[in-house]
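These notes concern the structure reproduced below.
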Amino acid sequence: MRKTLFYDGSFHSGVREADTFRFLEVTDGIITGTYQEKPAGVRYAKEISLGGKHVYPCLIDGHVHMLFSLAVMAVGFTVCDITPAGVVPHNLAGVEKKIRAYAAKKPRNAVIAANNYILTAMDERRLPTREELDDWAGGRPVVIYSIDGHCSALSTPMLKKLELDPKGHNGTLSGEAHERVQGRLTDIISASITLPLLAKGIANFQNACAAYGISVVGALEGNGDSPKDRATALIVKLARHFDVGVRLYFQYIDLKKAEKYAKVQKHLRIGGCGDWEMDGATGSHSSAFHVPFKDTGTTAPCYYEQDFVDRIVKEADEKGYQIASHAIGEAAIERIIAALNQTTSGRMHRIEHGEFHSDASLEELKKRRYAVVMQPGYAWIDKRYLNTYTQYLPQEIVDRMHFKTLYDAGICLCGSSDSPVQDLDPWLQMLGMVDFYHPEESVTPYEAFRCYTINPARAILEDDERGTLETGKAADFFTADKDLFAIQPKDIVSFRPDRTYYGGRPYRKKKGTVAELLGSMLKKAKLV
Ligand SMILES: [Zn+2]
């Protein structure tokens with residue numbers, strides 16, 4: 001029993017906005033006491049000053065796609081960056097330049113996967129064609145993902161790798177055609193990741209988490225269209241040795257594929273995006289609404305019929321799984337809610353995104369208290385740079401986006417990044433909460449913080465273990481110079497931790513070498 005006492009900090013428990021204490025006692029990584037006065041007569045192995053800084057519980061990002069995030073950090077790049085001056089680049093000439101520069105540094109057959117293509121910010125309003133990609137990337141297999149992750153552009157060699165006939169194909173995939181190749185695309189991308197690239201990607205991912213103050217991620221992994229899905233098997237093995245806590249949700253409809261991982265899961269969890277999507281996304285005109293899109297006059301269907309969704313949800317609930325399901329349009333949200341309403345376990349289930357719920361769904365959410373895992377930073381970007389919502393959706397739908405209404409109703413509302421769809425940056429997501437799409441739906445910095453701590457701890461079924469600085473919980477915390485709860489709301493986007501601690505130990509930045517990765521694999525494996 002090694003007891004450590006942290007002192008000289010303003011410790012914010014996170015339980016209530018004004019709750020602070022002055023001494024934090026940690027034993028073997030767990031908080032064993034919080035005090036206003038130094039406990040008398042206790043011998044501590046170590047007493048550590050936190051230099052007068054503010055101290056907060058670490059953040060939890062409940063919805064990332066880790067394998068994709070690692071892959072992008074290993075073999076890809078971000079096409080568009082959002083800067084205060086706007087989206088860069090914002091035309092195909094700029095994209096061409098970026099791809100040419102990146103490809104020139106890569107071997108002749110290197111697979112290239114780039115994300116964050118902001119279609120609606122492009123002067124040309126389209127993705128590159130396969131012929132353009134062939135030219136720009138010198139004949140390499142390339143995939144470019146749109147920022148919402150629901151459409152893509154592929155070069156001819158990439159189409160061929162997917163066994164899609166390039167004849168008459170312009171290289172663009174969207175809707176179900178796009179979703180149904182994600183497993184095979186992931187296989188192709190991951191097969192191209194060498195051990196040194198993987199070590200880099202893993203280090204970059206964990207370094208980014210620690211720099212942002214994140215201690216745990218909910219990772220939505222796996223693709224049903226890949227028969228063996230070796231990439232997912234690998235990620236499970238690796239994630240058990242990360243410093244950052246990883247909680248896996250398996251995106252398989254076929255529970256048998258998930259069951260082989262049951263013994264390494266901390267709680268049984270299933271679903272996410274992938275095969276558990278009820279619909280697509282708005283930027284790709286594939287979110288399911290009862291009314292047509294404003295610009296095309298088309299409607300997109302839910303991906304599954306009600307009785308099928310009812311059946312898979314019932315089976316998973318009865319087998320002890322927590323269920324997460326992607327639903328964006330009102331029709332998709334109604335579909336998953338109707339199925340979840342028939343579950344009997346009482347376990348908290350999750351709706352991912354859940355942006356454009358109908359009034360009836362809002363009432364159901366209030367009553368049944370499903371967790372809603374949103375990305376308000378995306379809406380913040382859309383309002384300023386993408387304008388997909390106002391271009392594609394009727395006003396009555398746009399008006400329906402809520403945040404404070406859900407928060408005030410006591411719904412387990414969470415922020416998340418959907419990385420690599422968006423950068424892992426939780427502070428951008430919190431900006432989206434304090435400066436919401438509809439200003440009257442904004443929350444305070446403290447309330448936004450809760451949507452990244454206590455609420456996601458509940459959404460991953462671990463609110464008894466983390467999410468606040470209280471006795472019995474993990475000693476995962478970060479220090480900062482400024483008082484987060486007292487800052488001007490819009491300054492939250494530039495808020496950064498000074499130092500991040502996992503289990504009472506300061507995180508040491510990873511170098512990304514193969515030796516370091518192999519060394520970490522020798523440590524005791526954790527549940528995921
Ligand atoms: Zn997602």
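Numbering of residues begins at 1 and proceeds along the displayed sequence. In each ligand, atom 1 is the first atom listed, and ligand 1 is the first ligand listed.
- A perpendicular orientation is assigned to the rings of H353 and H326, their planes being inclined by more than 60° (bins at 30° and 60°).
- Nearest N/O/S atom of D418 with respect to the Zn ion (ligand 1) is recorded as OD1.
- For the pair Y502 and C58, the minimum side-chain heavy-atom distance is below 4.5 Å.
- Screening F449, Y452, W427 for a ring-ring contact (aromatic ring centres under 6.0 Å, His included) with F495, the sole residue that qualifies is W427.
- Salt bridge R247/E462: present, at least one basic N to carboxylate O contact under 4.0 Å.
- The Zn ion (ligand 1) lies under 2.8 Å from an N, O or S atom belonging to C273.
- The Zn ion (ligand 1) has no N, O or S atom of E352 under 2.8 Å away, backbone or side chain.
- For the Zn ion (ligand 1), the N/O/S atoms of H63 include one lying under 2.8 Å.
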